[in-house]
2 protein chains.
Amino acid sequence: MSTLTIGQVAERTGAASSALRYWEDLGLIGSVRTSGNQRRYDRSTIRRVSFIRAAQRIGLSLDEIGAALATLPEGRTPTAGDWARLSRGWRGRLDEQIRRIERLRDQLDSCIGCGCLSLRTCALNNPSDVLADRGPGAVLLES
Amino acid sequence: MSTLTIGQVAERTGAASSALRYWEDLGLIGSVRTSGNQRRYDRSTIRRVSFIRAAQRIGLSLDEIGAALATLPEGRTPTAGDWARLSRGWRGRLDEQIRRIERLRDQLDSCIGCGCLSLRTCALNNPSDVLADRGPGAVLLES
DNA sequence: GGTAGACCTCAGGTGACGTTCACGTTCCGG
DNA sequence: CCGGAACGTGAACGTCACCTGAGGTCTACC
């Protein structure tokens, strides 16, 4: 039995089984079924799920993650190199996020103290910079 | 008539009137009504709405914004200094966001190339750093 | 073969932040 | 005083990423 149950994958990856089922519905992961209709996972699923979670942490939507996963070679188990390739693009994404927030901060600096908040130079009137970060710090309090 | 209709406030601030009604429901802004039950806004509402939008851009939830607004002095129209005071705290918040993403990026750097994605040093196994940024770049495509 | 615990599906809920709709009322210029 | 634009309300809808619960089934161990 080198296959894993959903509970085992959940435990090893930190993802909830409800999330695993959801991701399967979306086509992000696959499974085979036992005669009794229970899911069984290949060992490589662990890494796939880990990838999904890491990508989420970086800020990718499940849609984007699905697109990334779709570029993996079919037919063979992805190698470390495959995973590295996928995550390489994240670097630029993070850099861009940082730059975006820095810009916002600098605009804010030039704005604090005048209290203008409605002038053209404020962070306000730059709708091109949309920041919708919601990071309470511990949204999912797992383990 | 130095009061404004909801359409005028919407136009001047860039907020949709549906959002203005929603924010009023939440108690973030106030209005007086005409005899015909239509909203009329004080001029200072423009700045208040601008504050809300700026704060959202920084990443505050409407709850947090409400708490901030609640510290404004009652009875008098807020001054530029009042607004500046409120926005001063944003700076640290942005700095912290930047640091958080930088940490994530550095972890990622030490991880790319090995493709591990499931080891302890990866961005993966640091659930303390929850990043749930969703910023497609132009979520609200206004103007 | 009994049973505890893990698993199944499906429907509905959550929460943040609004938008859209249906349907009715008000405002203002001509 | 008329008509169209703007406004009002309440309810439903939408997104994203799941979670919860009900009601039933499977698996593994003793």
Side-chain angles (χ1 to χ4, degrees), chain A residues 1 3-29 31-41 49 52-67 127 130-142, chain B residues 1 3-29 31-41 49 52-67 127 130-142:
Chain A
M1 55 176 68
T3 60
L4 305 161
T5 67
I6 196 171
Q8 288 167 334
V9 173
E11 195 184 358
R12 293 208 196 176
T13 62
S17 8
S18 60
L20 294 174
R21 292 193 197 97
Y22 179 62
W23 295 341
E24 182 174 329
D25 282 351
L26 297 186
L28 298 184
I29 56 180
S31 68
V32 290
R33 299 296 182 111
T34 64
S35 57
N37 199 34
Q38 295 199 352
R39 290 169 178 83
R40 289 298 181 271
Y41 297 95
V49 169
I52 295 173
R53 285 170 61 78
Q56 283 192 312
R57 193 97 36 75
I58 302 295
L60 280 80
S61 69
L62 292 181
D63 248 28
E64 292 172 303
I65 295 172
V130 175
L131 220 200
D133 182 279
R134 28 200 94 283
V139 161
L140 306 169
L141 12 95
E142 308 151 359
Chain B
M1 55 176 68
T3 60
L4 304 160
T5 67
I6 195 171
Q8 288 168 332
V9 173
E11 195 185 357
R12 292 208 196 176
T13 61
S17 6
S18 61
L20 294 175
R21 291 193 198 98
Y22 179 61
W23 293 343
E24 182 173 329
D25 280 353
L26 297 186
L28 298 184
I29 55 180
S31 67
V32 291
R33 300 296 181 112
T34 65
S35 57
N37 200 34
Q38 297 200 349
R39 290 169 179 84
R40 288 299 179 271
Y41 297 96
V49 169
I52 295 173
R53 284 170 61 79
Q56 282 192 311
R57 193 98 38 74
I58 302 295
L60 281 78
S61 70
L62 292 182
D63 249 28
E64 292 172 303
I65 295 172
V130 175
L131 220 199
D133 183 280
R134 28 200 92 281
V139 162
L140 305 169
L141 12 93
E142 309 152 357

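All chains are named by letter (A, B, ...) in the order of the sequence lines, taking the proteins before the strands, and each is independently numbered beginning at 1. Predicted model, so just to flag it, every value in this text is computed and none were measured.
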Specify the separation, in whole Å, of atom [atom1] of [X] and atom [atom2] of [N].
X: B/Ile29; N: C/dG18; atom1: CD1; atom2: P; answer: 11 Å
X: B/Asp63; N: C/dG18; atom1: CG; atom2: C1'; answer: 15 Å
X: B/Glu24; N: D/dG8; atom1: CD; atom2: C1'; answer: 11 Å
X: B/Glu11; N: D/dA5; atom1: CD; atom2: C1'; answer: 14 Å
X: A/Ile52; N: D/dC18; atom1: CD1; atom2: C1'; answer: 13 Å
X: A/Leu20; N: D/dA17; atom1: CG; atom2: P; answer: 15 Å
X: A/Arg53; N: D/dC18; atom1: CZ; atom2: P; answer: 9 Å

- [ ] Evaluate the side chain to side chain contact (heavy atoms under 4.5 Å, CB included) criterion for residues A/Thr34 and A/Thr3: first the C-alpha distance (whole Å), next the side-chain angles of each, then the deciding distance (0.1 Å), finally the verdict.
- [x] CA-CA 11 Å; A/Thr34 64; A/Thr3 60; over 6 Å; no
Open item on the list: By nearest heavy atom, map B/Tyr41 and A/Tyr22 onto DNA chain D; which one lands nearer the 5' end?
Closed with: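 Nearer the 5' end of the strand: B/Tyr41.
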TODO: Using heavy atoms to find the nearest nucleotide of DNA chain D for A/Gly36 and A/Ser18 separately, return the residue whose nucleotide is more 5′.
DONE: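 Closest to the 5' end, via its nearest nucleotide, is A/Ser18.
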Open item on the list: Are the side chains of A/Arg33 and A/Arg39 in contact, using a 4.5 Å heavy-atom criterion?
Closed with: yes
Open item on the list: Is there a side-chain contact between B/Ile65 and B/Trp23 in this structure, where contact means two heavy atoms from C-beta onward sitting under 4.5 Å apart?
Closed with: no
Open item on the list: Could you measure the distance from the CG atom of A/Leu20 to the CD1 atom of A/Ile6? Nearest 0.5 Å is fine.
Closed with: 5.0 Å
- [ ] First locate atom CD of B/Glu11, then atom OG of B/Ser17, and finally report the distance between them rounded to the nearest 0.5 Å.
- [x] 10.5 Å
- [ ] May I ask you to decide if A/Ser61's main-chain N or O and A/Glu64's side chain share a donor-acceptor pair within less than 3.5 Å?
- [x]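 Present.
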Could you tell me whether the phosphate oxygens of [N], OP1 or OP2, come under 4.0 Å of any side-chain nitrogen or oxygen in [X]?
X: B/Trp23; N: C/dC17; result: no
X: B/Thr34; N: C/dC27; result: yes
X: A/Arg33; N: C/dT9; result: yes

- [ ] Test A/Tyr41 against A/Val49 for side chain to side chain contact (heavy atoms under 4.5 Å, CB included), laying out the working first.
- [x] CA-CA 11 Å; A/Tyr41 297 95; A/Val49 169; over 6 Å; no
Is there any protein nitrogen or oxygen under 3.5 Å from a nitrogen or oxygen in nucleotides 4-7 of chain C, and what are the pairs?
unit_1, atom_1, unit_2, atom_2, d
C/dC7, OP1, A/Thr5, OG1, 3.0
C/dC7, OP1, A/Gly7, N, 2.9

Open item on the list: By nearest heavy atom, map B/Leu62 and B/Ser35 onto DNA chain C; which one lands nearer the 5' end?
Closed with: B/Leu62
Task: A/Ser61 side chain, from C-beta outward: closest of D/dC19, D/dA17, C/dC8 - done: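 Looking only at heavy atoms from C-beta outward on A/Ser61, the closest nucleotide is D/dA17.
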- [ ] Measure from the side-chain heavy atoms of B/Gln56 and tell me the nearest of D/dA17, C/dC17, D/dT9.
- [x]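 For the B/Gln56 side chain, the nearest candidate turns out to be C/dC17.
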